Asks: 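Please see the structure below; I have some questions.
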Amino acid sequence: MPVTKEEVLRALSVVKDPDLGRDLVALGMIENVNIDPQNNVNFTIVLTTPACPVKEQLKQQSESVVSALPGVRAVTAEVTSRVRNGTMTQREGIPGVRNTIAVGSGKGGVGKSTVAVNLALGLASEGARVGLLDADVYGPNVPLMLGTNAKPQPVGDKIAPIEAYGLKVISMGFFIDADSPVIWRGPMLTKLLTQFMYDVQWGELDYLIMDMPPGTGDIQLTTAQSVPLTGAVMVSTPQDVALLDAAKALMMFKKLNVPVLGLVENMSTFVCPHCANPTDLFGHGGAQMAAARYNVPFLGEIPLHLRIREGGDSGKPIVVDAPDSPEAEAFLRVARNLAAQVSVVAYKQQDAKRGAPVAFFSKR
């Protein structure tokens with residue numbers, strides 16, 4: 001007896017995306033269902049991000065439920081992705097950019113730029129098109145961390161971003177000497193940031209990661225009020241003094257109606273390279289508890305490790321220099337969890353436009 005497309009879709013309707021809480025058919029993720037005369041079934045699973053943390057799980061589940069249909073000989077599921085726009089407002093966004101994500105912190109010294117750089121590289125390593133905007137104007141460290149001091153060139157009435165490790169990058173650090181201070185007042189900084197967003201030829205991007213300055217000053221307010229952000233990621237070390245400041249920055253974004261996509265605990269645990277004993281130099285688990293307290297997702301923890309620091313100083317970030325290391329895998333887990341939260345926001349926006357009930361953030 002021939003298998004029908006309706007039977008295949010009915011079988012796939014039991015497979016749910018754990019972050020979005022709905023089945024793949026209802027989410028419109030199943031495309032190109034084909035059944036040949038021998039009942040060999042092929043279909044495509046179109047995920048919302050190439051960095052989906054459960055893509056192998058969804059592929060296996062989908063092939064399994066279809067294989068169980070009577071008469072099916074073989075099943076092949078192709079997995080691809082189409083990143084959705086997660087912008088929650090009606091304001092005009094940056095042309096070509098689907099999702100703009102601010103990476104911030106309540107105070108300096110918590111490794112925010114290191115996290116931003118490696119998150120961007122982690123998303124790119126999964127196949128996403130990623131840009132990195134260094135909005136930390138007073139401390140533009142991104143060029144050093146990416147090992148480039150190239151000068152951006154004009155292209156018509158736009159500026160061409162620098163390309164490094166597959167990322168499109170812009171930074172104040174490309175325009176000044178390494179030891180030159182930036183002594184500018186707020187209005188000048190605001191104008192520069194606007195130029196970085198709208199006068200750079202970003203092209204088509206799935207994610208634009210913005211490395212924000214620490215704190216809650218002019219640049220954060222300008223960004224939140226002038227750019228339709230998909231959301232913000234907060235970086236903190238585990239100790240109370242850092243978390244107290246992170247909470248203030250988190251609440252600032254919430255008051256400005258910017259979704260907080262999650263908290264990252266950086267410098268979480270130090271493992272001695274000689275005795276292999278773990279030591280919680282700054283404590284452990286504080287960011288995860290804070291995420292629960294403020295009802296935002298916890299994206300993961302990054303260890304305190306010499307190779308991470310060395311990678312930032314040498315211009316060889318660990319995600320690209322040692323991609324199979326446990327430290328790089330920690331950044332990749334955070335990147336995948338971040339991508340999942342962006343997908344949640346995108347579907348939340350879609351539901352809001354339809355007037356349907358909206359889902360809460362996944363607490364992965």
Side-chain angles (χ1 to χ4, degrees), residues 18-19 53 86 88 101-120 122-123 135-136 209-217 219-221 223-224 229-271 278-305 308 327 329-345 348 359-364:
D19 292 304
M88 298 294 285
I101 301 166
V103 178
S105 64
K107 59 178 295 184
V110 299
K112 167 189 54 61
S113 294
T114 298
V115 171
V117 166
N118 282 284
L119 276 185
L123 291 168
D136 195 350
I209 304 297
M210 298 182 66
D211 179 24
M212 307 296 292
T216 55
I219 291 182
Q220 291 87 340
L221 290 171
T223 303
L229 291 171
T230 301
V233 174
M234 303 309 303
V235 180
S236 178
T237 48
Q239 75 268 38
D240 291 343
V241 66
L243 289 165
L244 181 64
D245 290 331
K248 294 174 183 175
L250 184 155
M251 294 307 296
M252 177 202 71
F253 280 110
K254 280 194 168 186
K255 287 183 178 180
L256 294 170
N257 296 316
V258 175
V260 178
L261 299 169
L263 263 170
V264 178
E265 181 167 295
N266 194 30
M267 307 182 198
S268 185
T269 297
F270 172 73
V271 178
T279 303
D280 298 330
L281 295 177
F282 300 110
H284 183 262
Q288 187 167 12
M289 289 188 288
R293 185 182 313 129
Y294 293 103
N295 195 33
V296 299
F298 179 63
L299 298 178
E301 56 189 46
I302 307 298
L304 178 63
H305 198 282
I308 297 176
E327 297 75 37
E329 181 56 37
F331 280 114
L332 289 171
R333 279 195 299 272
V334 173
R336 292 169 190 142
N337 289 337
L338 170 60
Q341 294 305 325
V342 171
S343 297
V344 171
V345 169
K348 191 175 182 180
F360 291 103
F361 285 115
S362 162
K363 290 303 184 67
R364 176 178 300 282

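These figures come from a predicted structure and were not determined experimentally. Computation of the quantities below employed the complete heavy-atom set of this structure, encompassing side-chain atoms and omitting hydrogens, waters and symmetry-equivalent molecules.
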Asks: Could you give all pairs that pass the salt bridge (Lys or Arg N to Asp or Glu O under 4.0 Å) test and reach residues 249-264, with sequence neighbours left out?
Replies: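 Those involving residues 249-264 do not exist here.
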
Asks: Between V233, V264, V103, V117, which is the residue that forms a side chain to side chain contact (heavy atoms under 4.5 Å, CB included) with K112?
Replies: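 Considering V233, V264, V103, V117, a side chain to side chain contact (heavy atoms under 4.5 Å, CB included) with K112 is found only for V103.
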
Asks: Looking at A287 and L263, what are the two nearest heavy atoms and their distance?
Replies: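 Smallest interatomic distance, heavy atoms only, reads O-CD1, 3.6 Å.
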
Asks: Who are the side chain to side chain contact (heavy atoms under 4.5 Å, CB included) partners of A246, not counting sequence neighbours?
Replies: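 Per chain and number, A246 pairs via side chain to side chain contact (heavy atoms under 4.5 Å, CB included) with S236.
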
Asks: Under the side chain to side chain donor-acceptor pair (under 3.5 Å) test, which residues partner E301, sequence neighbours left out?
Replies: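 E301 satisfies side chain to side chain donor-acceptor pair (under 3.5 Å) with H284 only.
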
Asks: Which heavy-atom pair separates T230 from L261 by the least distance, and what is that distance?
Replies: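 Scanning both residues completely, I find the closest heavy atoms to be O-CD2, 4.3 Å.
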
Asks: Side chains of T269 and P238: closer than 4.5 Å at any heavy-atom pair?
Replies: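 Contact flag for T269/P238 side chains = no.
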
Asks: Determine whether a donor-acceptor pair (N or O, by modelled atom type, separation under 3.5 Å) exists between the side chain of D245 and the backbone of G106.
Replies: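 Side chain of D245 to backbone of G106, a donor-acceptor pair under 3.5 Å: no, none is there.
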
Asks: Go through the steps to decide whether S343 and D19 satisfy the test side-chain contact (heavy atoms from CB on, under 4.5 Å), and finish with yes or no.
Replies: CA-CA 8 Å; S343 297; D19 292 304; over 6 Å; no

Asks: Applying side chain to side chain contact (heavy atoms under 4.5 Å, CB included), name anything that partners N266, two or more places apart in sequence or on another chain.
Replies: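 Counting only residues at least two positions away or on another chain, N266 forms a side chain to side chain contact (heavy atoms under 4.5 Å, CB included) with V115, V235, I302.
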
Asks: Can you name the closest pair of heavy atoms from L243 and T237 and give their distance?
Replies: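 Heavy-atom minimum between the residues: CG-O, 3.7 Å.
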
Asks: Using a 4.5 Å cut-off on heavy atoms from C-beta on, say whether the side chain of Q341 contacts that of V345.
Replies: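 They are not in side-chain contact.
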
Asks: Write down the atom of P297, the atom of V260, and the distance for their closest heavy-atom approach.
Replies: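 In terms of heavy atoms, the two residues are closest at CD-O, 3.8 Å.
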
Asks: Is any side-chain heavy atom of P214 less than 4.5 Å from a side-chain heavy atom of V110?
Replies: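 No. Closest side-chain heavy atoms not under 4.5 Å.
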
Asks: How far apart are the closest heavy atoms of A249 and M234, and which atoms are they?
Replies: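 Minimum heavy-atom contact is CB-CE, 3.2 Å.
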
Asks: Using a 3.5 Å distance criterion without hydrogens, assess whether the side chain of E327 forms a donor-acceptor pair with backbone atoms of P303.
Replies: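 Checked: no pair found.
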
Asks: Who are the side chain to side chain contact (heavy atoms under 4.5 Å, CB included) partners of A102, not counting sequence neighbours?
Replies: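 In terms of side chain to side chain contact (heavy atoms under 4.5 Å, CB included), with neighbours along the sequence ignored, A102 is linked to M212, L229, A232, F253.
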
Asks: Please list, chain by chain and in numerical order, all residues satisfying side chain to side chain contact (heavy atoms under 4.5 Å, CB included) with T114, sequence neighbours excluded.
Replies: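 With sequence neighbours excluded, T114 shows a side chain to side chain contact (heavy atoms under 4.5 Å, CB included) to N118, M145, I308, F331, given in chain and number order.
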
Asks: L332 and G122: which non-hydrogen atoms are nearest, and at how many Å?
Replies: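 Nearest heavy atoms, L332 then G122: CD2-CA, 3.6 Å.
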
